[in-house]
Amino acid sequence: MAQAGSRTMDVTFPTDEEILITRTLDAPPHLVFRAWTTPELVRRWWPGRRGEMTVAEMDFRVGGKWRYVMLAHGEAEVAFHGTYREIVPDQRIVHTEVMEFPGTAQDGEEGAVVNTVTFEAADGGAGTRVSIRTHAGSREVRDMIAQSGMEGGVREQFEIIAEIVAALA
């Protein structure tokens with residue numbers, strides 16, 4: 001069984017408009033992809049350790065919509081939504097992501113960033129290198145995301161995903 005947390009996560013800024021997060025997990029790509037794309041598993045990892053997920057809607061197909069809502073530490077509701085643009089099973093997902101603010105539409109794409117998530121075999125196929133490339137559209141938006149506490153939240157997400165895929169193996 002893999003040891004959860006046995007790998008490190010790297011965060012870099014390859015361009016003025018992008019954030020790149022990478023982490024290798026001790027599970028093959030098909031298991032990591034499954035954890036990333038199965039609503040009941042997403043419910044477990046997406047809020048990290050920062051709250052409880054109350055909505056995990058996923059129409060997982062190109063052109064399909066997704067929406068996640070969590071109650072952060074029992075206080076504030078935080079919601080995001082987007083559209084799947086590209087799906088290559090066990091390899092790649094491209095989707096938009098919009099943070100919802102009170103009074104905004106729950107299905108619009110205004111202000112969307114584009115996330116490209118890749119799942120590459122590592123360690124002879126026993127592991128998976130996950131890369132999340134966020135194209136923010138501007139340096140200002142990139143910096144706002146980077147300063148939002150996102151890095152700590154994504155670290156927590158990866159720790160939980162590592163636990164999930166170890167149990168699936």
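Computed from heavy atoms alone, side chains included, the values below leave out hydrogens, waters and symmetry copies. In what follows, residues are counted from 1 in the order of the sequence shown. This one's a predicted model, so the numbers in the text were calculated from it and none came from an experiment.
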Original post:
Under a 4.0 Å N-O cut-off, is there an ion pair linking E97 with R67?
Top reply: no
Original post:
Are the side chains of V113 and T96 in touch, meaning some heavy atoms are under 4.5 Å apart?
Top reply: no
**OP:** Flag the pair F80 / Y68 as yes when their ring centroid distance falls below 6.0 Å, and as no otherwise.
**Re:** no
**OP:** Check each of V42, V130, L31 against W36 using the side-chain contact (heavy atoms from CB on, under 4.5 Å) test, and report the only one that passes.
**Re:** V130
Subject >> Parallel, tilted or perpendicular, as decided by the 30° and 60° cut-offs, for the rings of Y84 and W66 >> reply: tilted
**OP:** Would you check, one step at a time, whether the test salt bridge (Lys or Arg N to Asp or Glu O under 4.0 Å) holds for E163 with R49?
**Re:** CA-CA 13 Å; E163 295 166 6; R49 304 197 193 290; 3.2 Å; yes
Original post:
Sub-3.5 Å donor-acceptor pair from the side chain of T128 to the main-chain atoms of A27, do we have one?
Top reply: yes
Original post:
Same cluster for V114 and V98 if Ile/Leu/Val/Met/Phe/Trp/Tyr side chains link at under 4.5 Å?
Top reply: no
Subject >> Carboxylate-amine/guanidinium proximity below 4.0 Å for E18 and R133 >> reply: yes
Original post:
V69, M53: one ILVMFWY side-chain cluster at the under-4.5 Å cut-off?
Top reply: no
Original post:
Can you tell me how far CZ of F158 sits from OG1 of T22, rounded to the nearest 0.5 angstrom?
Top reply: 8.0 Å
**OP:** Hey, could you give me the CZ/CG distance between R85 and N115, rounded to the nearest 0.5 Å?
**Re:** 10.5 Å
Subject >> Donor-acceptor contact below 3.5 Å, side chain W45 vs main chain A35 >> reply: yes
Original post:
NE2 of H95 to CE of M58: how many Å apart, nearest 0.5 Å?
Top reply: 9.0 Å
Original post:
Passes side-chain contact (heavy atoms from CB on, under 4.5 Å), E86 versus V88? Steps please.
Top reply: CA-CA 7 Å; E86 180 183 345; V88 180; 3.8 Å; yes
**OP:** Taking E77 for its side chain and L71 for its backbone only, find out whether a donor-acceptor pair lies under 3.5 Å.
**Re:** no
**OP:** May I have the step-by-step check of salt bridge (Lys or Arg N to Asp or Glu O under 4.0 Å) for R155 and E151, ending in yes or no?
**Re:** CA-CA 6 Å; R155 257 182 225 290; E151 183 175 344; 2.7 Å; yes
**OP:** Before accepting this row, confirm whether a basic side-chain N of the pair E120/R92 lies closer than 4.0 Å to the acidic partner's carboxylate O.
**Re:** no
**OP:** Salt-bridge test for R139 and E17: reply yes if a basic N is under 4.0 Å from a carboxylate O, no otherwise.
**Re:** no
Subject >> Euclidean distance, I161 CD1 relative to L168 CG, rounded to 0.5 Å >> reply: 11.0 Å
Subject >> Closest heavy-atom pair and its distance - P29, G127 >> reply: CD-O, 3.9 Å
**OP:** Verify, without hydrogens or angle tests, whether R34 (side chain) and L41 (backbone) share a donor-acceptor contact under 3.5 angstrom.
**Re:** no
Original post:
Would you say S131 and L20 make side-chain contact, with heavy atoms under 4.5 Å?
Top reply: yes
**OP:** Hey, could you give me the CD1/CG distance between I21 and D10, rounded to the nearest 0.5 Å?
**Re:** 10.5 Å
**OP:** Say whether M99 and I132 are linked into one hydrophobic cluster, either directly or through other cluster members, by side-chain heavy-atom distances under 4.5 angstrom.
**Re:** yes
Original post:
At what distance, to the nearest 0.5 angstrom, does CD of E159 lie from CE of M9?
Top reply: 9.0 Å
Original post:
What about V154 and F13, same hydrophobic cluster or not, with Ile/Leu/Val/Met/Phe/Trp/Tyr joined at side-chain heavy-atom distances under 4.5 Å?
Top reply: yes
Original post:
Honestly curious: do M150 and V117 fall in one hydrophobic cluster under the side-chain, below-4.5 Å linking rule?
Top reply: yes
**OP:** Could you walk me through whether E156 and R50 pass salt bridge (Lys or Arg N to Asp or Glu O under 4.0 Å), step by step?
**Re:** CA-CA 9 Å; E156 292 172 4; R50 296 166 186 242; 3.0 Å; yes
Original post:
Are any non-hydrogen side-chain atoms of I93 and F33 less than 4.5 angstrom apart?
Top reply: yes
